[in-house]
Every structure is written in C-alpha cells, then in structure tokens.
Amino acid sequence: TLEFETPKPYVYRVAMPAVVNVVVDAAPGVLLQQLLERSKNTLRANIGDEMQLMSKKIIASYAVIMILNFIFLFMTLWALRTAGKITARGNSGDVVASIVTDFGPVLFALMLALSYRVHNGFIYDHLELLCLSLYVLFSLQRNSLMSMAALFVAIFTKETAILFPLLGASICLARMDLRLGGLRVW
C-alpha cells in the first residue's frame, strides 16, 4: 500500500500513503530511531517474529500511521461534538442534550474500537472519518468553501467520498421547511 504495489484487484488510496511516506522520509535520524523502537515493540506484540521481515521504513511508517490516526481520531471527536452542539442549539438549557453532545463522540469512539476488533482497519480510516465529520460540521454551519475543501481531501483519501454531497444535500433539506409556496429557511 505504501509503495503503491497492491495486487489486483486494486484501488490506490493516495492521501495517507503519500503523507506517511513524506513524514518518514523527512524525519530526522533521532526521531526516526525513536519511531523504529516504539513501532518494533508494538509490531512484535501484534505479529510476532514476522516483524523481522519488514524494512525499517515500513516499521517507522507503522508508527507514523498510529500517531496520525490518533490525531485524526481526536479531531474527529472534536468535530462530532461541535456538530452535536449545532444540532442541539435549540435545546441549550436541556441537560439531556448537553450529555448527548458531550458523550456522543465518546460512544462513537468506543463503537469504532469494537468495529476494529471485528474488521481490523485500514490506514486511511481515521482520515476518512475526520473528513466526513468535518464535511457534516461545515454543512451544518453552511460553510460551502470548507465543505468543498473537506470533500476534496476526502476524495483523495477514499473514492467513495464522491457521495458526501448527498449527505450535504440531506442536511440542507433537513434545515429547510418545504412548503407548496416555496422554501422557507428556519
């Protein structure tokens, strides 16, 4: 995946491999050595002696992927909380709305961890979730430019992101009142 040499049938998802390769190639030697040591321990625990068959670049790339995924997941949880606050704005004094807004992203992260136990995960998953969450957030805020930027990054992350505008349209329609006389914005 990182070297774009996936066996057929293949789909090259270019964003995450490109970012990981740039970071690993640009990392100073001291930092790269720290990444190698940390990654070796994790890989040894997960796959055992097969880790010795991997190159140093792949081992360091694994550490970079884990760090980036943590950052992307944290940012996703922030975006989901902010989107929750926007949707619960009418219930600002409601304690239940505040609890759901604050703990909804935490429950999402717990369910995400459960899904990885069943289906593993791919290196682009967290970036894809971040792009989707940002797209929803910016759509709720009616910020077209930022929505398009999130969509652009998402398409390079995974091609199915071309369907995001359907979600954006449903958000737009949900925020409008359809009447026979025309559209009235709430």
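- The line from CG of Leu140 to CG of Leu137 is 6.5 Å long, rounded to the nearest 0.5 Å.
- Under the ring-ring contact (aromatic ring centres under 6.0 Å, His included) criterion, Phe152 pairs with Phe156, not counting sequence neighbours.
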Side chain to side chain contact (heavy atoms under 4.5 Å, CB included) between Phe72 and Met16, worked out: CA-CA 11 Å; Phe72 294 151; Met16 273 301 287; 3.6 Å; yes
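- Across all non-hydrogen atoms, the minimal contact from Cys131 to Ala154 is CB-CB, 3.5 Å.
- The distance from the OG atom of Ser133 to the CD atom of Glu128 is 10.0 Å, given to the nearest 0.5 Å.
- Distance check, rounded to the nearest 0.5 Å: NZ of Lys85 to OG1 of Thr82 gives 8.0 Å.
- Between Thr76 and Leu130, the shortest heavy-atom contact is OG1-CA, 3.1 Å.
- The nearest pair of heavy atoms linking Leu127 to Ala15 is CD2-CB, 4.3 Å.
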Would you mind writing out the side-chain donor-acceptor pairs for residues 26-34 within the sub-3.5 Å range, not counting sequence neighbours?
residue : atom : partner : partner atom : Å
Gln33   : NE2  : Glu37   : OE2          : 3.2

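- Listed by chain and residue number, Tyr62, Asn69 satisfy the side chain to side chain contact (heavy atoms under 4.5 Å, CB included) test with Met66 (two or more places apart in sequence, or in another chain).
- Under the 4.5 Å side-chain heavy-atom criterion for Ile, Leu, Val, Met, Phe, Trp and Tyr, Val64 and Ile71 are members of the same hydrophobic cluster.
- Closest approach of Ala161 to Leu151, counting heavy atoms only: O-CD1, 3.2 Å.
- Annotation: the span from Met146 atom CE to Gln141 atom CD amounts to 9.0 Å, rounded to 0.5 Å.
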Set out, in order, the CA-CA distance, both residues' side-chain angles and the distance that settles side chain to side chain contact (heavy atoms under 4.5 Å, CB included) for Leu129 and Leu112, then state yes or no. CA-CA 10 Å; Leu129 288 172; Leu112 184 63; 3.8 Å; yes
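- Across Thr87 and Gly84, no two heavy atoms sit closer than the pair OG1-O, 3.0 Å.
- Ser39 places a side-chain N or O within donor-acceptor distance of the main-chain N or O of Ile59, the cut-off being under 3.5 Å.
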Considering only distance and modelled atom types, tabulate donor-acceptor pairs under 3.5 Å from the side chains of residues 162-174, sequence neighbours left out.
residue : atom : partner : partner atom : Å
Ser170  : OG   : Leu167  : O            : 2.7

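- Smallest separation of non-hydrogen atoms from Ala150 and Tyr135: CB-N, 4.0 Å.
- Under the side chain to side chain donor-acceptor pair (under 3.5 Å) criterion, Asn143 pairs with no residue, sequence neighbours left out.
- For the pair Thr101 and Arg81, the minimum side-chain heavy-atom distance is below 4.5 Å.
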Do Thr160 and Ile155 pass the side chain to side chain contact (heavy atoms under 4.5 Å, CB included) test, and can you show the C-alpha distance, the side-chain angles, and the key distance before you say yes or no? CA-CA 7 Å; Thr160 55; Ile155 289 172; over 6 Å; no
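- To the nearest 0.5 Å, atoms CG (Leu73) and CG (Leu80) are separated by 9.0 Å.
- By the rule that hydrophobic residues join a cluster once side-chain heavy atoms approach within less than 4.5 Å of another member, Leu134 and Ile86 end up as members of one cluster.
- Using a cutoff of 4.0 Å between basic side-chain nitrogens and carboxylate oxygens, Asp25 and Lys57 are scored as salt-bridged.
- The side chain to side chain contact (heavy atoms under 4.5 Å, CB included) test applied to Ala109 returns Leu77, not counting sequence neighbours.
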